[in-house]
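Below is one structure, written out as structure tokens; comments come after it.
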Number of protein chains: 2
Amino acid sequence: MPDHPPPAFVPARELIAAHGGRVTRTRVAVIEALQASPHPLSHDEIGATLAAAGIAHDRVTLYRALDWLVEQGIAQRIAGGERAWRFEIRSDGEHRHAHFHCDRCGQILCLEDVPAGPDPALPAGFELARSELVFHGACADCGREGAKAAKR
Amino acid sequence: MPDHPPPAFVPARELIAAHGGRVTRTRVAVIEALQASPHPLSHDEIGATLAAAGIAHDRVTLYRALDWLVEQGIAQRIAGGERAWRFEIRSDGEHRHAHFHCDRCGQILCLEDVPAGPDPALPAGFELARSELVFHGACADCGREGAKAAKR
DNA sequence: GCTTTTAATGCTACAATGTTGCATCAAACA
DNA sequence: TGTTTGATGCAACATTGTAGCATTAAAAGC
Ligand SMILES: [Mn+2]
Ligand SMILES: [Mn+2]
Ligand SMILES: [Zn+2]
Ligand SMILES: [Zn+2]
């Protein structure tokens, strides 16, 4: 099983400037939060991180910052299974990978070794843009006690 | 490419009774709506079908009917990519298949030939319950004109 | 440095989707 | 027919995300 050394990330300010955006505290902090996390973060989790860092921000601003990152291809969205999006940095050249969603604690895990493809045989005229592969179940922490206790 | 003759569905009333539930107009109509559809339906679409059939119902009742169907394994939920769940009948013994979501018109297509697996190598202690494979892009209807017009 | 331009923000209001509590109704069964 | 209790209807609420618009501040020009 291959291991995954943490990638050397491009500094947030450079990333933003390279895409022709204005370097604001919020954007910098959002990118750094995503870069620091080993798994995709929800809007809410990112907001909490900013708050903890003392960076004031509006809910809407955060949504818009995330939208922009996705538009620029700096970050990508993951559907998760609940109704909230998750976000993660899109390391350059990296293939899209599958994710595991723990239905008990809600945690999402990146399965770096499992590609999100392969491309299916689609009916004529269909255009494939991307694929999302999400596994559901219980993580190691939740699995044991979950077996006796929790229901959904 | 294999073709898929429409499966002979178990009558709704029998399905419900077999699971120890009460046979109500709403449940029967929901199951029949799902059985009649070639693709997964959203809560809203099912509601519209019931309304068209003159079956009065409350939003909440419909949510609860769908929850029950999923609990019983009669139907299954699909995440789609928007925030609304889609539902489809879980034909007995049928493997879970992948879906295609058109990002322009929102339509979901069942890719019966594409299995939602295969099972990944998960870290120790993780338990796999199910997998969801969703492809995104443009359907045949939206693809052509979409190329010039629409943006997201 | 100071001014100008306009991208980004903050605020308010709203939309969409789904949930909870509780009183009432009716499906199943004796 | 009457009794039991699962299912429903209604009101109120929660969460997640959007739209419009006035204000702020990043960055470019001077
Ligand atoms: Mn990931
Ligand atoms: Mn399907
Ligand atoms: Zn867990
Ligand atoms: Zn389409």
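Letters A, B, ... are given to chains in the order of the sequence lines, protein chains preceding strands, and every chain is numbered from 1.
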What is the distance, to the nearest angstrom, from the [atom1] atom on [X] to the [atom2] atom on [N]?
| X | N | atom1 | atom2 | value |
| --- | --- | --- | --- | --- |
| Glu82(B) | dG18(C) | CD | P | 11 Å |
| Trp68(A) | dT18(D) | CH2 | P | 18 Å |
| Asp58(A) | dG17(D) | CG | C1' | 13 Å |
| His19(B) | dA28(C) | NE2 | P | 16 Å |
| Leu62(B) | dC10(D) | CG | P | 14 Å |
| Ile31(B) | dA7(D) | CD1 | C1' | 14 Å |
| Leu66(B) | dG18(C) | CG | P | 9 Å |
| Glu45(B) | dA16(C) | CD | C1' | 14 Å |

(message) Ring centres under 6.0 Å, that's the criterion: do His43(B) and Tyr63(B) meet it?
(response) yes

(message) Would you say the ring centers of His101(B) and His99(B) fall short of 6.0 Å from each other?
(response)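 Here the rings of His99(B) and His101(B) have centres that are no less than 6.0 Å from each other.
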
(message) Let me spell it out: for each of Arg13(B) and Arg25(A), pick the nucleotide of DNA chain C with the closest heavy atom. Which residue's pick is nearer the 5' end?
(response) Arg25(A)

(request) Check whether the side chain of Arg64(B) and the base of dG6(D) form a donor-acceptor pair under 3.5 Å. (result)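 In this structure, the two groups form no donor-acceptor pair.
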
(message) With a 3.5 Å cut-off and heavy atoms only, can you find an N or O donor on one side and an acceptor on the other between the side chain of Arg59(B) and the base of dG18(C)?
(response) yes

(message) Strictly below 4.0 Å, N to O, side chains only: are Glu88(A) and Arg77(A) in salt-bridge contact?
(response) no

(request) Determine, for Asp44(A) against Arg86(A), whether the closest basic-nitrogen to carboxylate-oxygen distance falls under 4.0 angstrom. (result) no

(request) Can you figure out which of dG17(D), dT17(C), dA11(D) approaches the side chain of Arg83(A) most closely? (result)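 So the side chain of Arg83(A) is nearest to dT17(C).
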
(request) Return the nearest nucleotide to the side chain of Asp67(B); candidates are dG10(C), dG17(D), dT19(C). (result)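 Within the option list, the nearest is dT19(C).
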
What is the nucleic acid contact for [X], judged by heavy atoms within less than 4.0 Å: base, sugar-phosphate only, or nothing?
| X | result |
| --- | --- |
| Thr24(A) | sugar-phosphate |
| Trp85(B) | sugar-phosphate |
| Val23(A) | sugar-phosphate |

(request) Compare side-chain N and O positions of Arg22(B) against OP1 and OP2 of dA26(C) and report whether any pair is under 4.0 Å apart. (result)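 Checking dA26(C) against Arg22(B), no side-chain N or O comes under 4.0 Å of OP1 or OP2.
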
(request) Using heavy atoms to find the nearest nucleotide of DNA chain D for Tyr63(A) and Gly21(B) separately, return the residue whose nucleotide is more 5′. (result) Gly21(B)

(request) Supply the atom-to-atom distance Leu50(B) CG to Thr26(B) OG1, rounded to the nearest 0.5 angstrom. (result) 6.5 Å

